[in-house]
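What follows is a short report on a single structure.
Every number for a ligand or one of its atoms is a count from 1 in the order of the listing.
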Amino acid sequence: MVNQESTKQELKGIAASSGIVMGRAFLVHRGRVSVPHKAIEAPQIAAEIKRFTRAIEKSKHQLREIKEKILAEEVRRHFFILDVHLMILEDKMLIQDTIEAIETRRINAEWALDIIIGKLNDAFDTIEDEYLRERKNDLNYVAQRIFRNLVGRGYDDLAKIKGDVIVVAHDLSPADTIQMNLNNVPGFITDIGGRVSHTAILARSLGIPAVVGLETATSLVNGEDILIIDGYAGTVIINPDEATSEEYVERRRQIRLLEREVLKYATLPAETRDGYRIRMGANIELAEELPMAISHGAEGIGLYRTEILYLNREDLPSEEEQFQTYKSIVEGIAPRSAVIRTLDVGGDKFLSKYGYDHEVNPALGLRAIRFSLKEPQLFKVQLRGMLRASAFGKLKILFPMISGIAEIRKAKAILEEAKEELMGEGVPFDEGIEVGAMIEIPSASIIADALANEVDFFSIGTNDLIQYALAIDRINEHVSYLYEPLHPAILRMIKGVVEAGHRAGIEVAICGEMAADPAYIPIFLGLGLDELSMTPFYIPRVKKILRSSSYEDGKQLLDEISRLSTAAEIEDYVKGMMAKRFPDDFSLGYYWAERA
Ligand code: PEP
Ligand code: MG
């Protein structure tokens, strides 16, 4: 498919969902509706409130209609996203505060809603965790739907899209993504969005190639332009010439072969040629991700981030609710184990009832275990929920952001209190429950030998370890070029932690993003790690490379790279070696591109 008249152009965005597709552009208008600001008189208040509640009801109706149309089981698994949107439409703060603003400020419904959404957005902005911050998008999708229903502007109906077109939009909601799946739309691109938005998560699980965060797609692409989406590299080609089209057709053919082949490794043992085993764990945020984890060959849940349970709500999740969620995870993964991490909020702002002041450096502030220790009641509720679930399978508790011995002892003391309470109440739990420490602060890595005597396992959180060791804010794009997993300091830290753990007879895992990179497998082997935990999708390809590698080669490689002085030298050396050793996997730029 070639467009001879226009000139070729290449855009770089964020690779949200892998796959290569070509097609004609179809622009969908999802721009923000302009919000009319009007003052009203007292007698109009009741009518304005009615208009607002009608728009809420209409929005709910639209979402329920989308749900009803979905028949495919694969898509139905994602109902929870539409349910989250429906829950937002039930949110007391959103509804009551907007009604109150209409009454007290005497303003129209759009203006009132605009003010409340602004406040909620500010609260989300203070959250440091990227995943949680992205949940703000769900709130804004819902807000846009209400605004449209208030001002009477309908949506461009994605249900009416016909033919093999690539959808181009400023932004798309998860509901839009489901609709595109129903209509077999082959791919989409957007101006905004990130890799961990629900839209991107859905696109990945539904297998719709997508590039997001292109910034200028809707202004540069014209309807009917020919587009190529490369969801591996995060690039979009507008009006490709013939040679480029052919190049991508060939690239797609080769990648499809590789992908099909790599899935075969999902159920094979994660073992090297010379018999060394590394356990493959799955990182999950939602219990709904369990089936994917199992089908992709996870040998346990290596990290369940519990933060999502606390989100999108005014109240806190009860012990019973937490117990039920944790129980479904341990039962779902049985007989394997599930590592469940206690709350890791990046700053406490969204738990508004706690009202701590705005922090200047939230990454260095009241985060994770520090917050839990400051709020022992909240912490204990979570620990009781975990303990109760431990009676139903193999559950391990993981404490995040441990910086020293005192913290781990305090956390364990509260765990002991929770155990005693449950024992007194005659509630069963696993009395030998294992507890672990995340090693993600340099101080913890330095005293790993002492920490190892306090816990049953270590899980290295490289996402934060790199941030804190190299002083690189992990969410600041201006310094991202310095975020180097293979920095000699990081490799030395991991090595020290593994050695300290093994001397004390405990296992050491990596659960940061770095674990999913197949190019690093020989390094992980050389370092002697016991487990790698990652997003389930990546497990088969990591297994594939692991099964063709050897422990001895890993040891040798580690020796060689320990003589190199910079992260760039190490990266080049490892890349070159992997491209030579696994030409089919690495020379295409397949794995490398996804990492970029
Ligand atoms: C990490 O820091 O590597 C980690 C796994 O935790 P999170 O990404 O949730 O901070
Ligand atoms: Mg972390």
Q) Do the charged groups of E454 and R409 touch, with an N to O distance under 4.0 Å? A) yes

Q: Tell me, please, which residues at least two apart from E320 pass salt bridge (Lys or Arg N to Asp or Glu O under 4.0 Å).
A: R388

Q: With heavy atoms of R367 as the reference, note each atom of ligand 1 found under 4.0 Å away.
A: 10 (O)

Q. At a 4.0 Å threshold, what atoms of ligand 1 neighbour a non-hydrogen atom of D464?
A. 1 (C), 2 (O), 3 (O), 10 (O)

Q: Say whether, by atom type as modelled, one donor and one acceptor occur between the side chain of D91 and the main chain of M93 under 3.5 angstrom.
A: yes

Q. Can you find an N/O atom of R305 closer than 3.5 Å to an N/O atom of ligand 1?
A. yes

Q) With a 4.0 Å cut-off on heavy atoms, does E307 reach ligand 1? A) no

(Q) Assess whether a salt bridge exists between R367 and D464, defined as any Lys/Arg side-chain N lying under 4.0 Å from an Asp/Glu carboxylate O. (A) yes

(Q) Can you tell me if E513 contacts ligand 1 (heavy atom of the residue under 4.0 Å from the ligand)? (A) no

(Q) Taking the ring centre of each residue, are F392 and F323 less than 6.0 Å apart? (A) yes

Q) Taking both backbone and side chain into account, is any N, O or S atom of D464 nearer than 2.8 Å to the Mg ion (ligand 2)? A) yes

Q. For ligand 1, is M401 a contact, meaning one of its heavy atoms is under 4.0 Å away?
A. no

**Q.** Atom indices of ligand 1, in the order listed, that fall short of 4.0 Å to a heavy atom of L303
**A.** 5 (C)

Q) Between E569 and Y573, does any side-chain donor sit less than 3.5 Å from a side-chain acceptor? A) no

Q.
For the Mg ion (ligand 2), give me the closest N/O/S atom belonging to E440, just the atom name.
A. OE1

**Q.** Distance-only polar pair, side chains of Y141 and D171, donor-acceptor under 3.5 Å
**A.** yes

